[in-house]
Amino acid sequence: MKRRFSRRRGRASPWALIALVWSGAPFGQIATSRAGSDAVEIRCSATSSAPIVRIEGTRELVGDVVVTCHSARAASAFGQREFLDVDVVLSLNVDWGNSTHFGLGADTVDAVLVVNDDNCMDGDSPDVSGPCAHRNGSGQGPALARLDASRRTLRWTGIRFPVPGAAVGGPNSISNCTVQFGVAGDCHPETTTVRLTNLRANASQLGASGQATGSAVGIEASLSLRSADAALRTEDTSLRVAEAATGLAADAASPEQDRICSHGQSVAEVTVSEGFASAFKTAGEPSFRPGDPGWREGFYPHSGDAAGQDPALRGTRLRIALARIPRGVSVIVPSLVSCPGPGSAGGLGLALVSNASSGGLGGSVARGQSTDRPLQMSSDREVSALYEVARSNPLARERCTIPFRFSRSAGADELFRGGTISVSASLAPFRTASASQSGVSERFTGVRVSPRPEFRLSGCGTTLFFPFVTSQRNFDTAVVIANTSADPLGTRHQSGACQLRYHGSGLDESADSAIQQSSEIQAGGQLAFTLSGGSQTHGLAPLTGFQGYLVAECGFQHGHGFAFVTEQLNGTAVLAQGYLAQIVRGPEEVGAAGGLP
């Protein structure tokens with residue numbers, strides 16, 4: 001059953017303050033007290049823990065703020081004053097990230113105020129023996145905050161605050177101040193506690209440069225308690241509620257060189273690591289206990305989003321994107337990844353998410369046995385894999401290596417050029433350009449690991465440049481291309497054909513080049529031909545009356561070429577000159593200026 005909080009204001013008081021307006025007054029200022037013998041003076045101190053949170057996060061759960069108050073005067077001096085109307089204000093140095101999506105108004109958020117750990121909620125059936133029995137409708141139940149337009153200030157107004165040690169039931173009550181409280185004839189406890197819990201902050205604003213920072217940055221809070229009914233002296237009003245640090249790191253390892261050429265596939269590895277222990281979280285459950293969110297990803301109260309879209313019910317997601325994928329390959333990843341960790345419980349476990357939105361929302365999470373899944377290639381030659389944390393140890397800083405298998409596509413061009421692939425990693429679901437500032441779904445920004453890791457996928461070919469070949473007049477050119485991938489040095493054997501492109505004079509006027517395709521050349525074999533005679537063995541036709549240059553693109557590595565130009569008179573060579581072909585490096589290796597002639 002979905003539960004909602006009461007926003008009761010307590011008993012009306014002519015001295016109740018309206019919501020605090022920023023006026024430059026320092027936090028913790030003593031409120032004006034009533035004169036007379038029944039004036040109340042209460043002294044409070046505030047504390048907070050400072051957990052480590054993810055600097056990429058827009059809705060990170062920070063530490064509870066706990067205010068402990070006691071009376072500076074004897075309880076007998078309070079007269080009939082059992083409760084005070086108190087306004088509480090809590091501000092951050094970043095925006096609040098709490099949810100508003102549960103039907104209580106656009107400015108009502110799920111940051112919760114709890115007095116004396118009273119976890120009762122409206123809508124519960126009466127409980128005469130449990131923690132709700134003492135209140136009988138007169139105490140302060142959990143209260144939700146209101147968010148200022150600045151998004152950096154939360155307010156709770158008109159909170160019903162039990163006067164510490166005060167008699168309950170009037171001045172003639174017996175005040176023995178036992179451990180029971182809230183029952184007529186008894187006293188409130190000697191201390192009153194106010195807990196502010198389920199506080200969520202937009203920690204990503206501390207990394208506004210767009211890059212994750214290498215050191216922790218503090219999230220600071222300022223606290224104010226005020227009442228027109230009493231003097232509230234609050235100490236320690238400046239608090240550190242969290243330390244924001246990088247939650248995700250990534251690295252990449254290049255695949256085994258030349259394996260994609262010899263075996264048709266190659267595996268690269270991307271390693272994701274927690275920036276700190278507990279940065280990767282498993283799926284949580286909605287929490288209905290103020291003051292005890294359990295550091296889970298549950299909301300209090302539960303947001304109205306469908307479970308499939310509510311990140312509170314999902315584990316942390318990791319998006320690994322690869323850019324500049326060479327043409328002619330497909331990318332395959334496992335649906336489940338399990339990495340060893342300390343202890344017998346195992347280490348980090350990741351499950352692939354299919355059919356999610358561009359921001360990493362929704363989709364179906366892989367279950368059962370691991371299978372290979374191909375990734376969809378975009379028109380910009382990019383792929384991405386979205387994994388959800390299925391298993392994690394919150395006490396250990398964990399890492400996991402994800403294999404990315406590259407496979408040469410069927411029917412791809414004979415010459416596979418390879419290239420350098422860049423890797424980007426981010427936590428998800430993340431905010432896209434169209435996302436609402438107050439949305440509950442997007443939990444991270446696009447902070448990227450820097451420097452961005454990358455790895456190289458070797459090309460599976462050799463491009464040879466012959467600067468001068470001719471078959472005009474009495475000249476002819478002999479060309480030899482050797483496939484030297486067979487050697488005694490352990491080189492992987494490769495085979496492939498060569499595509500010959502002739503550029504120069506003597507061609508058909510409608511063509512800027514002549515193109516010929518040879519048959520396949522095995523490792524250790526040679527392609528030998530003359531321009532004037534071609535090669536019947538390798539399927540090359542004669543090319544007479546030509547003079548220019550030749551570019552040979554061969555589908556194997558370790559290719560080398562030699563050209564031998566001769567002039568013949570009456571069948572006798574009178575002039576001869578030979579040279580080695582130049583091995584051309586593609587643009588992916590030496591930049592655009594070092595490409596083909």
Side-chain angles (χ1 to χ4, degrees), residues 261 327-328 412-418 458-486 494-569 573-597:
C261 305
R327 295 187 180 278
D413 292 339
E414 195 68 34
L415 182 64
F416 175 69
R417 299 186 181 279
S458 296
C460 296
T462 306
T463 300
L464 301 173
F465 177 50
F466 298 85
F468 180 75
V469 294
T470 181
S471 59
Q472 289 184 351
R473 300 185 181 88
N474 297 323
F475 289 90
D476 198 4
T477 305
V479 175
V480 178
I481 297 176
N483 180 349
T484 67
S485 63
Q494 303 170 34
S495 61
C498 292
Q499 186 177 78
L500 309 179
R501 293 179 178 269
Y502 296 91
H503 299 263
S505 61
L507 302 174
D508 189 308
E509 294 182 357
S510 62
D512 61 356
S513 65
I515 302 176
Q516 294 184 338
Q517 183 80 20
S518 77
S519 61
E520 190 171 81
I521 305 169
Q522 299 297 320
Q526 295 178 331
L527 169 62
F529 63 95
T530 63
L531 264 65
S532 62
S535 172
Q536 186 175 0
T537 303
H538 294 289
L540 299 179
L543 183 63
T544 59
F546 172 80
Q547 183 169 297
Y549 61 87
L550 167 64
V551 177
E553 296 179 306
C554 301
F556 49 82
Q557 294 176 310
H558 315 295
H560 296 275
F562 178 75
F564 193 68
V565 182
T566 62
E567 181 184 14
Q568 296 185 353
L569 292 176
V574 296
L575 180 65
Q577 178 66 52
Y579 64 88
L580 294 175
Q582 300 177 25
I583 299 177
V584 178
R585 303 296 180 184
E588 71 281 354
E589 296 177 286
V590 296
L596 298 177

Problem set entry | Gly545 backbone acceptor or donor facing Ser471 side chain under 3.5 Å | yes
Exercise. With a 4.5 Å heavy-atom cut-off, do Gln472 and Ser505 have their side chains touching?
Worked result: yes
Problem set entry | Note, Ile515 side chain near Gln499 side chain (heavy atom, < 4.5 Å) | yes
For this session: Return yes if some donor-acceptor pair links the side-chain N/O of Thr477 with the main-chain N/O of Thr470 below 3.5 Å, else return no.
Result: yes
Exercise. Closest heavy-atom contact between Gly496 and Glu520?
Worked result: N-CG, 3.6 Å
For this session: Kindly compute the distance separating CD (Glu553) from CD (Gln517), expressed to the nearest 0.5 Å.
Result: 9.5 Å
For this session: With rounding to the nearest 0.5 Å, note down the distance linking CG in Leu575 to CG in Asn474.
Result: 11.0 Å
Exercise. Phe546 vs Tyr502 aromatic rings, parallel, tilted or perpendicular, using cut-offs 30° and 60°?
Worked result: perpendicular
Exercise. Are any non-hydrogen side-chain atoms of Gln522 and Asn483 less than 4.5 angstrom apart?
Worked result: no
Problem set entry | Any Ile481 side-chain heavy atom under 4.5 Å of Thr462 side chain | no
Exercise. What's the shortest heavy-atom distance between Gln526 and Val480, and which atoms?
Worked result: CD-CG1, 4.2 Å
Exercise. If you round to the nearest 0.5 Å, how far is NE2 of His538 from OG of Ser518?
Worked result: 7.5 Å
Exercise. So how far is it from Cys460 SG to Gln557 CD, rounded to the nearest 0.5 Å?
Worked result: 5.5 Å
Exercise. Hey, are the side chains of Phe475 and Ser532 touching, using non-hydrogen atoms and a 4.5 Å cut-off?
Worked result: no
Exercise. Looking at side-chain heavy atoms only, is the closest gap between Val469 and Val565 below 4.5 Å?
Worked result: no
Exercise. Taking all atoms of both residues into account, what is the closest heavy-atom pair of Thr566 and Ala576, and its distance?
Worked result: CG2-CB, 4.1 Å
For this session: Using the ring-ring contact (aromatic ring centres under 6.0 Å, His included) rule, pick out the option among Phe465, Phe466, Tyr579 that qualifies with Tyr549.
Result: Phe465
Problem set entry | Ala523 versus Ser495, closest heavy-atom pair with distance | N-CB, 4.5 Å
Seminar exercise, completed: Rounded to the nearest 0.5 angstrom, the CD-OG distance for Gln516 and Ser535 is 10.0 Å
For this session: Check whether any side-chain N or O of His560 sits under 3.5 Å from a backbone N or O of Ile583 as a donor-acceptor pair, and report yes or no.
Result: no
Exercise. Looking at CG of Leu464 and CG of Leu550, how far apart are the two atoms once the value is rounded to the nearest 0.5 Å?
Worked result: 8.5 Å
Problem set entry | Gln577, CD atom: more than 12 neighbouring heavy atoms under 6.0 Å | no
Problem set entry | Donor-acceptor contact present, side-chain Thr463 to main-chain Val584, <3.5 Å | no
